[in-house]
Asker: 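Right, I'll just put the structure down here and ask away after.
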Amino acid sequence: MESAAGVNREEIIRLMLCQLSAYGYSSLSQAVATHTNVPMTTESNSRLSELVSAGLQSESRRLGGDVDGDAEMSAEHNVETGGLDLGRAAHSGAAEVPQYSTWYMTRHKGAATSAAFSRDGRYIATGSADTSLKLIEVDRVRNPQAGSTRPEDKPVIRALYNHLAEITGVAFHPNGLVLASCSADRTIKLFDLSAAYGKYSFQSFKDNHAYRSIAFHPSGEYLAAGGDGCEVRVYNVSTGKAYLLSGGAQHSAGITCVSYASSGALVGSSSRDGSVKIWDGASGKCVRTLDRAHGGQAATAVAFSHNAKYALTTGMDSRVCLWDVGSGRLVQTYEGATLDVPSAGAAFSSDEALVMVADSRLNDVVSWDTASGHLLARSAPHKQLITCIAPSPTTAAFMTCSVDECVRYWSSDDV
């Protein structure tokens with residue numbers, strides 16, 4: 001059956017399903033899929049929004065409307081406006097750090113190594129050196145059934161297996177229905193979270209080197225990966241085919257972290273060679289290299305601000321740095337924490353008012369004011385090394401992983 005515009009009914013519904021997931025309505029999306037008998041896929045979940053935006057602009061031009069040039073350019077390159085701006089933030093006063101406390105803790109059978117929130121903040125995935133993954137439902141953490149022993153009331157809703165060595169990274173597909181994990185066993189596994197009792201992966205990618213980091217393109221169509229090799233690989237999730245980000249500008253040592261900008265227009269990579277590279281997400285060409293970003297020490301992580309105006313990098317020189325992506329200029333540094341382990345990785349809080357990282361000497365979480373660079377607080381003390389910190393994308397909360405085998409959910413009581 002086709003619509004009046006000649007577009008297949010199933011195609012339109014699938015676009016609607018993926019867009020609902022992008023907005024955080026995964027349960028509603030699944031319900032509509034069941035009612036319409038249109039299966040969910042791992043394809044683009046933002047295409048409907050892009051088509052509507054393009055259509056509205058086309059209609060405006062056709063009717064003689066005046067389309068703003070900057071808005072048209074932003075739509076063409078899918079670049080977000082607004083968001084973090086150091087100049088504006090500097091005049092709004094210092095950020096306040098919430099009083100965090102432990103709301104929940106669960107234990108793996110080996111060092112906990114990685115954690116990630118789903119895009120809507122409803123789920124958390126954790127990985128361990130024991131090769132297992134855990135899936136945690138945040139609502140069950142925040143609203144526990146007091147004294148309940150029923151499995152359906154426990155925050156850990158699933159354990160996943162399929163790796164043969166330490167889990168080194170986890171990432172949720174933007175639609176929330178697929179979880180990806182990478183490992184020192186040189187594989188990436190994809191798990192179908194919509195399957196009622198599935199514990200094993202439905203798809204696997206393999207390389208000649210251990211993987212260290214993975215990140216989904218915001219459309220969900222592609223997965224970037226980096227590891228002990230010098231190349232950043234991008235996989236087509238549907239076909240499994242891979243291509244290299246190159247343009248003659250590969251790193252000279254292993255990749256420690258990969259990340260996508262929220263628009264998908266840029267990919268960031270950090271490396272043991274001390275450099276950070278910014279790549280064009282469409283052409284795969286390197287558009288900027290930050291050589292010796294951390295004084296020649298290994299760069300251990302890179303992340304973009306929501307508007308992709310800034311790149312946040314972490315290095316084994318015990319500095320976190322904020323760079324202007326457009327100019328490559330260093331605009332802020334964050335000091336006062338010891339960051340001398342390969343797992344060190346700073347992140348923005350959900351509102352980007354704070355920069356947070358785990359101190360590898362004092363085993364706590366350090367928070368700085370993003371705009372001023374002032375160290376504001378230390379929180380979330382641990383007895384052993386914190387291997388990962390993952391802030392919630394939606395609220396004042398975060399997860400920590402530690403070599404003590406535990407993962408902990410920290411939140412403000414005011415949330």
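Computed from a prediction, not measured in an experiment: that's the story for all the values here. Along the sequence shown, residues are numbered consecutively beginning with 1. The figures that follow rest on heavy atoms only: side chains count, while hydrogens, waters and symmetry mates do not.
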Asker: A quick test of your reading: do over 12 heavy atoms of other residues, nucleotides or ligands sit less than 6.0 Å from CZ of R107?
Answerer: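 Atom CZ in R107 is packed in, count exceeds 12.
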Asker: Would you find a donor on one side and an acceptor on the other, under 3.5 Å apart, between the side chain of T168 and the backbone of Y211?
Answerer: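 Looks like yes, one N/O pair under 3.5 Å.
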Asker: With rounding to the nearest 0.5 angstrom, report the OG to CG distance, S118 to L177.
Answerer: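 If we round to the nearest 0.5 Å, S118:OG and L177:CG are 10.0 Å apart.
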Asker: Strictly distance-based, threshold 3.5 Å: is any side-chain N or O of T187 a donor or acceptor partner for the main-chain N or O of F205?
Answerer: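 Here the side-chain-to-backbone pair does not exist.
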Asker: What pairs of residues pass the salt bridge (charged side-chain N to carboxylate O under 4.0 Å, His left out) test when at least one of them lies in residues 307-324, not counting sequence neighbours?
Answerer: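 Those involving residues 307-324 are D85-K309, D317-R319.
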Asker: Using only atom types and a distance under 3.5 Å, with no angle test, would you say the side chain of T370 pairs donor to acceptor with the backbone of E352?
Answerer: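 Yes: the side chain of T370 pairs with the backbone of E352.
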Asker: Roughly how far apart are L339 CG and Q297 CD, rounded to 0.5 Å?
Answerer: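 Reported to 0.5 Å precision, the distance equals 11.5 Å.
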Asker: Is the backbone of A344 close enough, under 3.5 Å, to the side chain of T314 for a donor and an acceptor to pair up by distance?
Answerer: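 Answer holds: no.
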Asker: A side-chain contact here means heavy atoms from C-beta on lying under 4.5 Å apart; do V237 and E221 qualify?
Answerer: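 Not in contact.
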Asker: Might you point out which heavy atoms bring S259 and A303 nearest each other, and give the distance in Å?
Answerer: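 Shortest heavy-atom separation between S259 and A303 comes out as OG-CA, 3.8 Å.
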Asker: Write out all pairs satisfying salt bridge (charged side-chain N to carboxylate O under 4.0 Å, His left out) with one or both partners inside residues 198-216, taking only residues at least two apart or from two chains.
Answerer: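 Non-adjacent pairs meeting salt bridge (charged side-chain N to carboxylate O under 4.0 Å, His left out): D207-R233, R212-D228.
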Asker: Can you give me the closest heavy-atom contact between A253 and S271, atom names plus distance?
Answerer: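 Heavy atoms of A253 and S271 come nearest at O-OG, 3.2 Å.
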Asker: Can any side-chain N or O of T239 pair as donor or acceptor with the backbone N or O of K241 at less than 3.5 Å?
Answerer: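 Yes.
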Asker: When rounded to the nearest 0.5 angstrom, what distance separates CG in L330 from OG1 in T313?
Answerer: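 One gets 8.0 Å once the value is rounded to the nearest 0.5 Å.
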Asker: Taking ring-ring contact (aromatic ring centres under 6.0 Å, His included) as the test, write out the residues that go with Y260, two or more places apart.
Answerer: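 For Y260, the residues satisfying ring-ring contact (aromatic ring centres under 6.0 Å, His included) (neighbours in sequence not counted) are H217.
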Asker: Side-chain contact, heavy-atom cut-off 4.5 Å: I136 with I157?
Answerer: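 Contact flag for I136/I157 side chains = no.
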Asker: Starting from the C-alpha separation in whole Å, work towards a yes-or-no answer on side chain to side chain donor-acceptor pair (under 3.5 Å) for S379 and W410.
Answerer: CA-CA 10 Å; S379 55; W410 303 80; over 6 Å; no
Asker: Between I188 and L223, is a side chain to side chain contact (heavy atoms under 4.5 Å, CB included) present by the stated rule, with each step listed?
Answerer: CA-CA 10 Å; I188 296 170; L223 181 73; 3.7 Å; yes
Asker: Is V138 close to W103 at the side-chain level, that is, under 4.5 Å between some pair of heavy atoms?
Answerer: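 No; the side chains remain at least 4.5 Å from each other.
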Asker: Taking atom types as modelled and ignoring hydrogens, do the side chains of R142 and Y409 form a donor-acceptor contact shorter than 3.5 angstrom?
Answerer: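 Judged by distance alone, the side chains do pair up.
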Asker: Going through the distances and angles, do M399 and I389 end up as a side chain to side chain contact (heavy atoms under 4.5 Å, CB included)?
Answerer: CA-CA 6 Å; M399 286 293 291; I389 175 174; over 6 Å; no
Asker: Please find the pair of heavy atoms, one from L133 and one from I167, that lie closest to each other, and give the distance.
Answerer: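 Closest approach of L133 to I167: CD2-CG2, 3.9 Å.
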Asker: Please tell me if the side chains of V403 and T113 come closer than 4.5 Å, counting only heavy atoms from C-beta onward.
Answerer: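 A side-chain contact is absent here, since even the closest heavy-atom pair is not under 4.5 Å.
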Asker: Can you tell if the side chain of H294 reaches within under 4.5 Å of the side chain of M316, non-hydrogen atoms only?
Answerer: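 No; the side chains remain at least 4.5 Å from each other.
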Asker: Any chance you could lay out the side chain to side chain contact (heavy atoms under 4.5 Å, CB included) test for L86 and Y310, step after step, and finish with the verdict?
Answerer: CA-CA 10 Å; L86 290 196; Y310 303 103; 3.8 Å; yes
Asker: Let me confirm one number: the NE2-OG distance from H163 to S201, rounded to the nearest 0.5 Å.
Answerer: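 Those atoms lie 7.0 Å apart.
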Asker: May I ask you to decide if the ring planes of Y334 and W368 are parallel, tilted or perpendicular, using 30° and 60° as cut-offs?
Answerer: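 Y334 and W368: tilted rings.
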Asker: Look only at the side chain of T387 and the backbone of C401, and say whether a donor-acceptor pair between them is shorter than 3.5 Å.
Answerer: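 Such a contact is found between T387 side chain and C401 backbone.
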Asker: With side chain to side chain donor-acceptor pair (under 3.5 Å) as the test, would you mind laying out the steps for T256 and S270 before giving the verdict?
Answerer: CA-CA 6 Å; T256 56; S270 58; 2.7 Å; yes
Asker: Of all the heavy-atom pairs spanning Y235 and A225, show the shortest one and how long it is.
Answerer: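 Of all heavy-atom pairs spanning Y235 and A225, the closest is CE1-CB, 4.2 Å.
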Asker: In sequence, state the C-alpha distance, the side-chain angles, and the governing distance for F191 and N162, and then conclude on side chain to side chain contact (heavy atoms under 4.5 Å, CB included).
Answerer: CA-CA 10 Å; F191 297 86; N162 229 187; 4.1 Å; yes
Asker: Quick one, K189 with S181, criterion side chain to side chain donor-acceptor pair (under 3.5 Å). Give me CA distance, side-chain angles, the key distance, then yes/no.
Answerer: CA-CA 5 Å; K189 306 284 188 179; S181 59; over 6 Å; no
Asker: As an exercise, state the distance from CD1 of I386 to OG of S402, rounded to the nearest 0.5 Å.
Answerer: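 Between atom CD1 of I386 and atom OG of S402 there are 6.5 Å.
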Asker: Where the side chain of H173 meets the backbone of G220, is there a donor-acceptor pair that is under 3.5 Å apart?
Answerer: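 Side chain of H173 to backbone of G220, a donor-acceptor pair under 3.5 Å: yes, one is there.
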Asker: Roughly how far, to the nearest 0.5 Å, is CZ of F398 from OG of S411?
Answerer: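 Output value for this atom pair is 9.0 Å.
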Asker: Of the options K134, K154, R408, which is the one that meets T106 in a side chain to side chain donor-acceptor pair (under 3.5 Å)?
Answerer: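 Of the listed residues K134, K154, R408, the side chain to side chain donor-acceptor pair (under 3.5 Å) partner of T106 is K134.
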Asker: What heavy-atom pair brings F216 and A171 nearest, and what distance separates the two atoms?
Answerer: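 That would be CE1-O, 3.6 Å.
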Asker: Where do S349 and P391 come nearest, in terms of heavy atoms and distance?
Answerer: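 What the structure gives for the nearest pair is CA-CB, 4.4 Å.
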Asker: Salt bridge check, K383 against D404: does any charged N sit closer than 4.0 Å to a carboxylate O?
Answerer: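 No, D404 and K383 are not salt-bridged.
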Asker: When you measure from the side chain of D364 to the backbone N and O of P381, does any donor-acceptor pair fall under 3.5 Å?
Answerer: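 Checked: no pair found.
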Asker: Is it the case that D291 and S275 place a side-chain donor and acceptor less than 3.5 Å from each other?
Answerer: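 No donor-acceptor contact under 3.5 Å links the two side chains.
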Asker: Should R122 and F117 count as side-chain neighbours, where that means a heavy-atom distance under 4.5 Å?
Answerer: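 The answer is no; the side chains never approach within 4.5 Å.
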Asker: Indicate yes or no: at least one non-hydrogen side-chain atom of H251 is less than 4.5 angstrom from one of S269.
Answerer: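 Yes; the side chains approach each other to less than 4.5 Å.
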Asker: Would the distance check show the side chain of T333 and the main-chain N or O of C321 forming a donor-acceptor pair, the cut-off being under 3.5 Å?
Answerer: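 Not confirmed, T333 side chain does not pair with C321 backbone.
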Asker: Evaluate the criterion salt bridge (charged side-chain N to carboxylate O under 4.0 Å, His left out) for residue pair K285 and D280; output intermediate values, then yes/no.
Answerer: CA-CA 5 Å; K285 294 181 179 180; D280 185 289; over 6 Å; no
Asker: Would you say the side chain of P98 lies within less than 4.5 Å of the side chain of L354, judging by non-hydrogen atoms?
Answerer: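 SC-SC contact between L354 and P98 confirmed.
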Asker: Could you check whether any side-chain N or O of S360 sits under 3.5 Å from a backbone N or O of V341, counting only pairs where one atom can act as donor and the other as acceptor?
Answerer: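 Pair absent, no side-chain N/O of S360 close to backbone of V341.
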Asker: Indicate whether any N or O donor in one side chain lies under 3.5 Å from an N or O acceptor in the other, for T338 and D340.
Answerer: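 There is no such pair (donor and acceptor under 3.5 Å, judged by atom type) between the side chains of T338 and D340.
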